[in-house]
Amino acid sequence: YRFDAGGASLLDWAAVQTGLADPLVEFARHELEQHFPRFTQAREVQLRKLLREVREPDAPEVRRIVSEALPAAREAVKRVHGSR
């Protein structure tokens with residue numbers, strides 16, 4: 001949840017995904033902007049699956065992990081699984 005679709009963050013995300021130091025060598029910016037929403041959707045699906053698999057969703061360890069997460073990740077958990 002450290003990446004977003006804006007500016008340098010999008011390029012950082014693309015560099016991590018592709019392994020390229022400069023993803024714009026291989027991809028046009030608009031291509032990256034088209035792929036990022038698909039990534040975020042897949043990330044949300046994975047988060048839903050993970051939260052379903054947690055046997056005790058209100059267990060102290062789960063609450064601790066969520067409380068220490070980045071703000072965007074905490075918001076995603078709230079959006080996907082209700083308030084924790």
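Side chains included, hydrogens not; waters and symmetry mates left out as well; all remaining heavy atoms used.
Two residues are said to be in side-chain contact when any heavy atoms from C-beta on lie closer than 4.5 Å; Arg29 and Leu10 meet this criterion. For the pair Asp4 and Thr40, the minimum side-chain heavy-atom distance is 4.5 Å or more. Proximity of Val80 to Leu51: side-chain heavy atoms (C-beta onward) are separated by under 4.5 Å at one or more points. For the pair Val16 and Arg2, the minimum side-chain heavy-atom distance is below 4.5 Å.
Glu26 and Glu31 get closest at one heavy-atom pair: O-OE1, 4.5 Å. Nearest heavy-atom pair, Ala72 versus Tyr1, reported as atom, atom and distance to 0.1 Å: CB-O, 3.8 Å. Residues Pro23 and Leu20 approach most closely at CD-O, 3.9 Å, considering heavy atoms. Nearest heavy atom pair, residue Val77 against residue Leu47, reads N-CD2, 3.9 Å.
Between the CZ atom in Phe36 and the CD atom in Gln41 there is a gap of 12.5 Å [rounded to 0.5 Å]. Between the CZ atom of Phe3 and the CD atom of Gln17 there is a distance of 7.5 Å, given to the nearest 0.5 Å. With values rounded to the nearest 0.5 angstrom, Arg79 atom CZ is found 8.0 Å from Arg48 atom CZ.
Under a cut-off of 6.0 angstrom, the local environment of CZ in Arg64 is crowded, with over 12 non-hydrogen atoms contributed by other residues, nucleotides or ligands.
Between the Arg74 side chain and the Ala69 main chain, a donor and an acceptor come within less than 3.5 Å of each other. Between the side chain of Ser9 and the backbone N or O of Ala5 there is no donor-acceptor pair closer than 3.5 Å.
Between Phe39 and Trp13, the ring planes are tilted. Angles from 30° to 60° get that label.
With sequence neighbours excluded, the residues satisfying side-chain hydrogen bond (donor to acceptor under 3.5 Å, both in side chains) with Arg38 are His35.
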